[in-house]
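Reckoned from all heavy atoms, side chains included, excluding hydrogens, waters and symmetry mates.
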Amino acid sequence: SDDATQKTVLKQIVVPNANAFGANIVSNVVVIPGEREYDAAQCVMTFDGDVTQIGDDAFANRDNLLWLYIPDIVTKIGNSAFTDFDTLFYLEISENHNLTTIGNYAFQSCDILGPFFIPEGVKSIGDYAFQYCTQTNELSAPNSLEVIGKGAFDSCDLQLISLGENIKSIGERAIFGSSVPTIFCKTVTPPAIGENQFFDAEPTIYVPKAAESLYKNAADWSDYKDYV
């Protein structure tokens, strides 16, 4: 703008060079404005070209992003990639995705709305990956998911959690701070589970009928056996 007192409204950003944001971004990033404007344009973000990984801290501590689409070519979202992006309301992952890893703090303090369905193929969710996502009210995890890091969904307002058949480890305080009333855990072998999962909550935990005694007698589950 010629007037230095006026604010510049973001219209479009194209970053063609490799390693532009974070160590692992390998190609283009395209940012397209949304319909609403605040101090700058409210934007949606898509990735173009050969982006296979979103690097650590790639878009941390930014704002004015409303909607994020992860295409099928991306395999990993790095540590703190979108942390503290408090205007990020909508996260969509391609149905034909190849995503396997969501890093530590990846979406911490984002306001992702409504239920969050982790797509089949994702194997691990890092420590504190979705901590303080207070608008996320439902978690559905696929059979491919094996590891949920410590504090991964701490202080989310979850009302329902559904875990797949191959979950092996649930970190300490993974769902601490949530008043979740209902949890489905479909795996027959009780996963390792960390301490301090529930604060001011007494959920009903549904497990396979044939595995009920295994859960109640598993050492890791001694604090939670009355909920099974």
**OP:** Might you work through the side-chain contact (heavy atoms from CB on, under 4.5 Å) test for S162 and E138, ending with a clear yes or no?
**Re:** CA-CA 8 Å; S162 179; E138 181 178 336; over 6 Å; no
Original post:
Are I161 and V122 linked, directly or through other ILVMFWY residues, by side chains that come within less than 4.5 angstrom of each other?
Top reply: yes
**OP:** Grab the two heavy atoms, one from S169 and one from P191, that are nearest each other, plus how far apart they are.
**Re:** N-CB, 4.0 Å
Subject >> Gap between atom CG of L160 and atom OG of S140 - 0.5 Å precision >> reply: 8.0 Å
Subject >> Spatial distance of atom CD (Q135) from atom CD1 (I112) [nearest 0.5 Å] >> reply: 10.5 Å
Subject >> Separation of I148 CD1 from D127 CG (nearest 0.5 Å) >> reply: 11.5 Å
Original post:
At their closest point, which heavy atom of A106 faces which heavy atom of G78, and how far apart are they?
Top reply: CB-O, 3.8 Å
Original post:
Knowing that exactly one of I183, N196, D154 qualifies, which makes a side chain to side chain contact (heavy atoms under 4.5 Å, CB included) with I175?
Top reply: I183
Original post:
Could you walk me through whether H97 and V74 pass the side-chain contact (heavy atoms from CB on, under 4.5 Å) check?
Top reply: CA-CA 7 Å; H97 77 96; V74 173; over 6 Å; no
Original post:
Do the non-hydrogen side-chain atoms of C185 and I167 ever get within less than 4.5 Å of each other?
Top reply: yes
**OP:** Calculate, to the nearest 0.5 Å, the distance between atoms OG1 and CD1 belonging to T101 and I125 respectively.
**Re:** 10.5 Å
Original post:
Do N166 and P142 have side chains that get closer than 4.5 Å, going by heavy atoms?
Top reply: no
**OP:** Could you state whether Y90 and Y69 fall into the same hydrophobic cluster, counting links through intermediate Ile, Leu, Val, Met, Phe, Trp or Tyr residues with side-chain heavy atoms under 4.5 angstrom apart?
**Re:** yes
Original post:
Quick one: CD1 on I77 to CZ on F82, what's the gap to the nearest 0.5 Å?
Top reply: 6.5 Å
**OP:** Answer yes or no: is there a donor N or O on one side and an acceptor on the other, between the side chain of Q197 and the main chain of A174, under 3.5 Å?
**Re:** yes
**OP:** Taking all non-hydrogen atoms of both residues into account, name the closest pair between P119 and S144 and its distance.
**Re:** O-OG, 4.2 Å
Original post:
Can you tell which of F107, F130, F153 makes a ring-ring contact (aromatic ring centres under 6.0 Å, His included) with F116?
Top reply: F130
**OP:** Locate the shortest heavy-atom distance separating Q131 from Q108; write the atom from each residue and the value.
**Re:** OE1-NE2, 2.5 Å
Original post:
Would you say the side chain of N79 lies within less than 4.5 Å of the side chain of D57, judging by non-hydrogen atoms?
Top reply: no
Original post:
Taking side chain as C-beta onward, heavy atoms only, is L139 less than 4.5 Å from I118?
Top reply: yes
**OP:** Kindly check if the number of other-residue, nucleotide or ligand heavy atoms within 6.0 Å of NZ (K216) is above 12?
**Re:** yes
Original post:
How about E195: does its CD atom have over 12 heavy atoms from other parts shown lying under 6.0 Å from it?
Top reply: no
Subject >> Identified ring-ring contact (aromatic ring centres under 6.0 Å, His included) counterpart of Y215 within the set W221, Y206, Y224 >> reply: W221
Original post:
Atom CD1 of I170 and atom CG of L145: how far apart are they, to the nearest 0.5 Å?
Top reply: 9.0 Å
Original post:
Is L68 reachable from I73 through a run of hydrophobic residues whose side-chain heavy atoms are each under 4.5 Å from the next?
Top reply: yes
Original post:
Among the clusters formed by ILVMFWY side chains lying less than 4.5 Å apart, do F184 and Y227 turn up in the same one?
Top reply: no
Original post:
Shared ILVMFWY cluster between V180 and V207, side chains joined below 4.5 angstrom?
Top reply: yes
**OP:** Specify the closest pair of heavy atoms between G103 and A129, including all atoms of both residues, with the distance to one decimal.
**Re:** O-CB, 3.6 Å
**OP:** Go through the steps for T136 and L158 under the test side-chain contact (heavy atoms from CB on, under 4.5 Å), then give the verdict.
**Re:** CA-CA 6 Å; T136 303; L158 295 171; 4.3 Å; yes
**OP:** Measure across P203 and T182 and return the closest heavy-atom pair with its distance rounded to 0.1 Å.
**Re:** CB-N, 4.4 Å
